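Computed from a prediction, not measured in an experiment: that's the story for all the values here.
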Amino acid sequence: MASWSTSTPLPILLGLLSILLLLPPLTTTFGIRLGIIHFSSPDLPVFHEAPSFKNGEQCGSENADGIHVAMTLDANYIRGTMAAVFSLLQHSTCPENLYFHFLSAHIAPEFFSSIKSTFPYLNFKTYAFDSNRVRGKISKSIRQALDQPMNYARIYLANILPPDMGRVIYLDSDLVVVDDIAKLWSVDMEDKVVAAPEYCQANFTQYFTDTFWSDPDLSKTFQGRNPCYFNTGVMVVDVDKWRKGGYTQKVEEWMALQKRKRLYNLGSLPPFLLVLAGNIKAVDHRWNQHGLGGDNFEGKCRSLHPGPISLLHWSGKGKPWLRLDSRKPCTVDHLWAPYDLYHSSRHFLEE
């Protein structure tokens, strides 16, 4: 790769760049195409094309062998989404059996083009999420990012995904998977609607206000169950049971009550807890090493919790791509960096 100093005249730099951009993609000895994806929209970043990943010999090819993953698409988080998808493919024994379902408030061709260019072989569909469906139901929380309609799209998965889909894994965009997602997919739901890591040592009362706990009727909500915190950024959802049980409506009812009384302060999480806490299938904590983005106010650095890790999750205010770009990353952000397919002009000039 050619290199040049800051003293190189701008016309020469531009000329060299124009030549490089016209070169065909490189081909490795393994036959994997490695290219640079160019801007499909002035609003979206540029991404490297990911290598292709093939199934192992033990993988099936029937519809029943498919693993369905749902995520949201948002211009502010698409860099995280690309890294998450890349990590899933890289660590999967049967990557060709992964099917991605992307929910977006705007089914813009730029999103489709960006995904298709970055992952030419990916099995995926995009779905329109009408943000007006939830916009009037959202109450202001402690952080503006938590008030965005797409943060509530997970509530409507069962209404949006195909009716014949029985199960789906919902994942946030600020995470990477470092294990075979088939292990999470195959969890025995034991007749539960949701499976997720459960954290019973957390102070559950902090997720609701004094108004909630001081109301004798409201405080009976958790009677008969042992409610524990779980993070809604990583969930296995029995879509069929969710539909039949009317869980979307149950969550919406709490959101409507929140409009009249201040029951909680933390976005879309508390209504999920009100409906499901203490009644989910608990899975190993290794599947959501969450909180790596710090708290919701300052996003300070945090260390990893002890124990095995299958999924790293930058929930909280701090996002790894923003901290890396600011040249002030946390130590854990370097675990996300290898999955970053983002290609900036600055990085291009430094190569």
Between the CG atom in L273 and the CG atom in N279, the distance rounded to the nearest 0.5 Å is 12.5 Å
Check: [X] ring centre within less than 6.0 Å of [Y] ring centre:
{"X": "Y207", "Y": "Y229", "value": "yes"}
{"X": "Y199", "Y": "H305", "value": "no"}
{"X": "Y121", "Y": "F53", "value": "no"}
{"X": "F222", "Y": "F204", "value": "yes"}

With D172 as partner, the option from M235, H290, R154, M71 fulfilling side-chain contact (heavy atoms from CB on, under 4.5 Å) is R154
Query raised in the report: Ion pair present between R79 and D340, side-chain N to carboxylate O less than 4.0 angstrom?
Result: yes
The complete set of disulfide bond (SG atoms under 2.5 Å apart) pairs with one or both residues in residues 81-114, sequence neighbours excluded, reads C59-C94
Residues 197-272 vs disulfide bond (SG atoms under 2.5 Å apart), sequence neighbours excluded, gives C200-C228
Check: Can you check side chain to side chain contact (heavy atoms under 4.5 Å, CB included) on K192 and I280, steps first, answer last?
Finding: CA-CA 6 Å; K192 302 296 185 184; I280 70 169; 5.6 Å; no
Of all heavy-atom pairs linking W321 and G80, the shortest is CZ3-CA, 3.6 Å
Contacts satisfying side-chain hydrogen bond (donor to acceptor under 3.5 Å, both in side chains) that involve residues 156-166 (not counting sequence neighbours) are Y156-E252, N159-T248
Verify the distance criterion only: is there a donor paired with an acceptor across the side chains of W314 and D333 at less than 3.5 Å? yes
